[in-house]
Amino acid sequence: MGPEFYDRPVVLVAQDLVGCVLAHAGTSGVIVETEAYHQSEPAAHSFGGRTERNRIIFGPPGRTYVYRSYGIHALFNVSAMRDGIGAGVLVRALEPVDGVDLMRARRGLQRELDLCSGPGKLTQALDIELKDNNQDLLAGPVTIAPRPPGWEQVELVSGPRIGITRAMDLPWRFCARGNRNVSKPWPPGLLDGAG
DNA sequence: CATGGGATTGACT
DNA sequence: GTCAATCCCATGC
């Protein structure tokens, strides 16, 4: 996945990231849920201009933006669009692939569907923390690889984004149809056709 | 420098 | 369905 992948409209980047493989520290998973955020809408951290926290998503595309949520969880994002535009994609869920037992140890849970089925869960499973903020995805250690065999034609189900209080009308949440690793609440029709 | 709130999760009624 | 945990950062004095 070259640098040009992230230098596109953030909604397209969010859609195309579903099916790609996120990897870090001996663990990896297929991205099955994303959300797009853009400076033009009030649910985005970048709405209202550049600050010390959100400066990453205003910077060059293809970098990690990791921030602390509710004092407990680290949430993982990818910066999108050219330098100067405040846009990013929140990765909300993975289907575990490599290092599943390591994920179990980090999460303190056994059930595979509980390992990466939420934005705070997958960062714990992959050991992504604030130390991984503002890193180049092409250089690592956090990497994103193109869709592997079987995922090229993944079907998307879109819906409103989760956990926000503003701009709830935008259908900027994208989920892999039929995949039970998607975080709840599931969008209508998630399991139709492929479940 | 003090304060308020959040792109969540897990436990509990 | 409700609710607390807990920390970073943005804002305001």
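Because only heavy atoms are used, hydrogens play no part in the values below, and waters and symmetry mates are left out as well, while side chains stay in. In what follows, chains are A, B, ... by sequence order, proteins preceding strands, each numbered from 1.
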So, taking the atom named [atom1] in [X] and the one named [atom2] in [Y], what distance separates them when rounded to the nearest 0.5 Å?
| X | Y | atom1 | atom2 | result |
| --- | --- | --- | --- | --- |
| A:Ile144 | A:Ile31 | CD1 | CD1 | 4.5 Å |
| A:Gln39 | A:Ile85 | CD | CD1 | 5.0 Å |
| A:Thr143 | A:Leu22 | OG1 | CG | 7.0 Å |

Taking only side-chain N and O atoms of [X], does any of them lie within less than 4.0 angstrom of OP1 or OP2 on [N]?
| X | N | answer |
| --- | --- | --- |
| A:Arg107 | B:dG10 | yes |
| A:Arg92 | B:dT8 | yes |
| A:Lys184 | B:dT9 | no |

[X] [atom1] to [N] [atom2], straight-line distance once rounded to whole Å:
| X | N | atom1 | atom2 | answer |
| --- | --- | --- | --- | --- |
| A:His73 | B:dA7 | NE2 | C1' | 12 Å |
| A:Ile162 | B:dT9 | CD1 | C1' | 14 Å |
| A:Leu75 | C:dC8 | CG | P | 14 Å |
| A:Leu109 | B:dG10 | CG | P | 6 Å |
| A:Ile164 | B:dT8 | CD1 | P | 9 Å |
| A:Ile57 | C:dC9 | CD1 | P | 13 Å |
| A:Tyr67 | C:dT6 | OH | C1' | 15 Å |
| A:Asn133 | C:dC8 | CG | P | 12 Å |

**Study point:** Within 45° cone of A:Phe5 ring axis and under 6.0 Å: A:Arg8 NZ or CZ
**Key:** yes
**Study point:** side-chain contact (heavy atoms from CB on, under 4.5 Å) assessment of A:Leu94 paired with A:Leu126
**Key:** CA-CA 10 Å; A:Leu94 310 176; A:Leu126 269 60; 3.9 Å; yes
Exercise for review: Could you list by number each residue of residues 42-52 of chain A showing a heavy-atom separation from DNA chain B of less than 4.0 Å, or answer none if no residue does?
Suggested key: A:Ala43, A:His45
Point to revise | Contact check, side chains of A:Met1 and A:Tyr6, non-hydrogen atoms, under 4.5 Å | key: yes
Review point. So, A:Tyr37 and B:dA7: ring centres less than 5.5 Å apart, planes less than 30° off, yes or no?
Key: yes
Point to revise | Earlier contact from the 5' end, DNA chain C, for A:Leu130 and A:Ile72 | key: A:Ile72
Practice item. Give a yes or no on whether A:Gln153 atom CD has more than 12 heavy-atom contacts from other residues, nucleotides or ligands under 6.0 Å away. Key: no
Practice item. For C:dT6, give its Watson-Crick or G-U wobble partner with both distances under 3.5 Å, or none. Key: none
Study note, to complete from the structure: Pairing partner of B:dA7, by Watson-Crick or G-U wobble and under 3.5 Å for both distances, is none
Review point. Which is true for A:Leu90 with a 4.0 Å heavy-atom rule: it touches a base, it touches only sugar-phosphate, or it touches nothing?
Key: base
Exercise for review: Could you tell me whether A:Arg53 contacts a base, only the sugar-phosphate backbone, or nothing, with contacts defined as non-hydrogen atoms closer than 4.0 Å?
Suggested key: sugar-phosphate
Practice item. Name the closest nucleotide to the A:Asn77 side chain, picking from B:dA7, B:dG10, B:dT8. Key: B:dA7
Practice item. Would you please say whether a donor-acceptor pair under 3.5 Å links the side chains of A:Arg107 and A:Gln124? Key: yes
